[in-house]
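Heads up: the structure comes next, in structure tokens.
Just so it is clear, the model here is predicted, and its values are computed rather than measured. Values below: every heavy atom of this structure, side chains too, minus hydrogens, waters and symmetry copies. Sequence lines set the chain letters: A, B, ... in the order given, protein chains first and strands last, and positions in each chain run from 1.
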Amino acid sequence: MPTYTLNIHLLSDTTFGRGDGVAGLIDQEVEHDPYGFPYLRGRTLKGLLSEECDNLIHTLPGNQKIHWQEVAGELFGKPGSSLDTMGAIHVGDACLPEDLRQAVAYQISREKLTRSEILDSLTTIRRQTAINPETGVPDKGSLRSARVVLRGLTFTAGLSFEQQPTDDQLCLLMIAAKALRYLGSGRNRGRGHVRCHFHGESLPSNYLDRFFAVQEA
Amino acid sequence: MPAILVTIKTLQPILATSFQGDPNSDVSYDYIPGSMIRGAVIGRYLQHKKLRELDLTDSETQRLFFQSDHTRYLNAYLVSQKEQHRTLPVPRSWYKLKDAEITEDKATNIYDRSLEQDDEYESLKVIRDQFCAFEDNCIRLYTPERRINIHNTRDRRKGRSSKREGQPHSEGEIFRYDALDAGQTFQSVILCEEQDIDLLEQLLNKPDLWLGGSRSAGYGHTQISYEIQNSWQEFQPLGDEEDIDAEHLTITLLSDTLLRDANGQPSADSTLIAAVINAACDSSLPTPEPAHIFSSQTYIGGFNRKWGLPLPQVPALAAGTVIVFENATLTEEQIQQLHWQGIGDRRNEGFGRVAINWHRQATFQVKKPPKPQTTHQQPSISSSSLPLAQRMATQLLRQKLDQLLKTELDRRKLEVGNISNSQLSRLQLIARRGLSSEPASLQEVSEFLNRDNLTKTALEQFQKTRFKQTNEPFYSWLQDRLKNPHSWVAQPPEVQLSTEVKATVDDSLAAEYTLKLIMAVAKQATKEKQK
């Protein structure tokens, strides 16, 4: 089973939202595992990579666009897919190092540490208000809080294939990883700035040239 | 007939969707359906034979995947912790006392109402756990772990969850996946013919297998292994055969069962079981009495990956249904045939498994499964993870120091009548300056509090001020803290993540937190004065 890895290095604080909060404490909690380690869901990551691909392919000229759209279709599949339109890639969750998680799990099992302590050690809480443009003062009832994962952490996701991916598929994934610069909540407002690296064996070296190469109609 | 025992370890949550919850949500079954395993094997068969589609007229294809009398893919149920056996659904005739609590250590009595309908216990409740296994001379009740994730659809152009073009009702679409959690082990069984063993072995030899919904996006990754057994039995009888009446026949459904009524319509009428068995084995079971039926209804559907569409939903009898036939017998051959073949529709997908006279005791003792044993050896951290581990340890240590600081502050309330706010503010300002130096230094505060540097009035104010709780002079307390910044931490906290990663309170950290304490005490007094 060919497996590649995607490293996501956080350049700014980031919120991997989980759709809920903690009553009385946080309006927006980050996704975290039973040991308190934040992680980015594979489902979200696949959506982000697919979106970056779509955006880039959209900028290509006609015949190139059709080719790469086909490659993207093979790679990511289509929603509600049947056997024919199933994606080739399996995107795993982007997590912090496994050995560290195991070490912490051991300490939690011995009741030396708690899940919330671990979560607090890797995150912080940000509070913000909305400012009324007319009066210049905070809007009433607009104070909210969100947990953010601290910058500087590196998350790793496994990308697996059941069969050896084609060079075009790998090329598209590398392009998507390069293009993925922002993720999570508030990504247009300074949060979630990331740098991604795609690792694995026998990756095409000239992926940028290959992607932007002008093809004859 | 040989049996292939397929052990499935979940590495990611599995979405084996059942008909529960909101339309947007997926709630998984408590097990991995046989149909899902059959689908995965079909996928591998297509790869193995390099086919795009199954040839439905091919005899091998029919025998392997579609003919219930030749190959059956049984549901993957949880594996028991101790003996690693496939657990089975809890019979619906098992009851416990209303207030009885089932724990992992103390055995609790349960009563099988199908064998003994004693009115002695009036307040009995059904058992909520889904699976059971006989271990350690009692029955252990198992319930699979689940994981609930919330997802939402995002409009790519707008960059947030909002109304999508052409879909006016899509705004704020949120959905919830209730999946079987990762890290659990299930076991399925493939009952097949001798001639198909080699092919099925080839199909099962790759350990990585993806099952269920959202397989390409963080769900469904499993690791499989298999074992072939020639004398496999789905269940072991519980209790002695002598304890059961020779003409007392108990049928327990070990999986959901699809039956059809006289008009050929799917039905969840439990009395149909007698007719189905009579037709299959040429027996003459009577219609069971209502008092001898412990059944429940469910709906069965599924998803056809070839069509890309869900299957029609049909009512079915739920696993665990128990039916007792009085004054009825089946021959040994008939019983073996029923155990091996099952009853009803879609038996090749694991439906219609039956156990005859499985439990023969009216009272059992049950426990919850023991908690998984934790490893005694402390895991080590690799060199690449060490910087992050050290950062976490430092942060955890700081959390503990913050907590100590709050506790200490509660015990350090000043009598504020003798000191002015300006002196307290000066102290705070100078402490802050010491805090901003790298590393934190107590030097500036020491110099500020030196008798020669303070004016007479200021010195008097510091000396006259005392703590409310201990009556200790503020000035001498400050001098003590500056001389020995470690002293206010009675038991210095320590964080150890592994043998390599440890964080302790060093001089710099002690100075930093002493400065924070001095600032906090002064600030608290300032606020007290303002009241």
> Looking at CD of Gln496(B) and NZ of Lys112(A), how far apart are the two atoms once the value is rounded to the nearest 0.5 Å?
Replying inline: 8.5 Å
>> Does any backbone or side-chain atom of Arg147(B) lie under 4.5 Å from a heavy atom of chain A? Answer side chain, backbone, both or neither.
In response: side chain
> Hey, which residues of residues 23-34 of chain A are touching chain B, say heavy atoms under 4.5 Å apart?
Replying inline: Glu31(A)
>> Rounded to the nearest 0.5 Å, what separates atom OG in Ser385(B) from atom CD in Glu98(A)?
In response: 10.0 Å
>> Return the OG1 to CD distance between Thr124(A) and Gln395(B), rounded to the nearest 0.5 Å.
In response: 8.0 Å
>> Does Glu145(B) have more than 12 heavy atoms from other residues, nucleotides or ligands lying within 6.0 Å of its CD?
In response: no
> Looking at Gln12(B), Lys206(B), Arg391(B), which one has more heavy-atom pairs under 4.5 Å with chain A than the rest?
Replying inline: Arg391(B)
>> If I measure from the heavy atoms of chain B, does Arg18(A) come under 4.5 Å with its side chain, its backbone, both, or neither?
In response: backbone
> Between Ser498(B), Ser384(B), Gly213(B), Ser382(B), which residue shows the highest count of heavy-atom pairs closer than 4.5 Å to chain A?
Replying inline: Ser382(B)
> Using non-hydrogen atoms only, which part of Ser380(B) is less than 4.5 Å away from chain A: side chain, backbone, both, or neither?
Replying inline: backbone
> Is it true that atom CZ of Arg181(A) has more than 12 heavy atoms of other residues, nucleotides or ligands lying nearer than 6.0 Å?
Replying inline: no
> Checking side-chain contact (heavy atoms from CB on, under 4.5 Å) for the pair Met392(B)/Phe37(A): CA distance, chi angles, key distance, verdict?
Replying inline: CA-CA 11 Å; Met392(B) 279 177 70; Phe37(A) 281 93; 3.9 Å; yes
> Between Leu497(B), Leu386(B), Leu209(B), Ile381(B), which shows the greatest number of heavy-atom pairs under 4.5 Å with chain A?
Replying inline: Leu497(B)
>> Please identify, among Ala217(B), Pro207(B), Pro387(B), the residue contributing the most non-hydrogen atom pairs under 4.5 Å to chain A.
In response: Ala217(B)
>> Tell me which of these, Ser216(B), Ala393(B), Gly218(B), Ala389(B), has more heavy-atom pairs under 4.5 Å with chain A than the rest.
In response: Ser216(B)
>> Using side-chain contact (heavy atoms from CB on, under 4.5 Å), reason through Asp120(A) and Leu396(B) one step at a time and then give a plain yes or no.
In response: CA-CA 8 Å; Asp120(A) 289 344; Leu396(B) 285 164; over 6 Å; no
> Based on non-hydrogen pairs under 4.5 Å, which of Asp93(A), Thr154(A), Leu122(A) is most in contact with chain B?
Replying inline: Leu122(A)
>> Quick check against the 3.5 Å criterion: does His221(B) have a side-chain atom that pairs as donor or acceptor with the backbone of Gly92(A)?
In response: no
>> Can you confirm whether Lys368(B) is buried at NZ, in the sense that more than 12 heavy atoms of other residues, nucleotides or ligands lie under 6.0 Å from that atom?
In response: yes
> Between Leu100(A), Leu113(A), Leu150(A), which shows the greatest number of heavy-atom pairs under 4.5 Å with chain B?
Replying inline: Leu100(A)
>> Does any backbone or side-chain atom of Arg176(B) lie under 4.5 Å from a heavy atom of chain A? Answer side chain, backbone, both or neither.
In response: neither
> Per the side-chain hydrogen bond (donor to acceptor under 3.5 Å, both in side chains) rule, which among Arg43(A), Arg41(A), Lys46(A) passes with Ser214(B)?
Replying inline: Arg43(A)
> Does any heavy atom of chain B fall under 4.5 Å from the side chain of Glu117(A), the backbone, both, or neither of them?
Replying inline: both
> Looking only at heavy atoms, which of residues 156-166 of chain A get nearer than 4.5 Å to chain B?
Replying inline: Ser160(A), Glu162(A), Gln163(A)
>> Need one label for Tyr182(A): side chain, backbone, both or neither, based on atoms under 4.5 Å from any heavy atom in chain B.
In response: neither
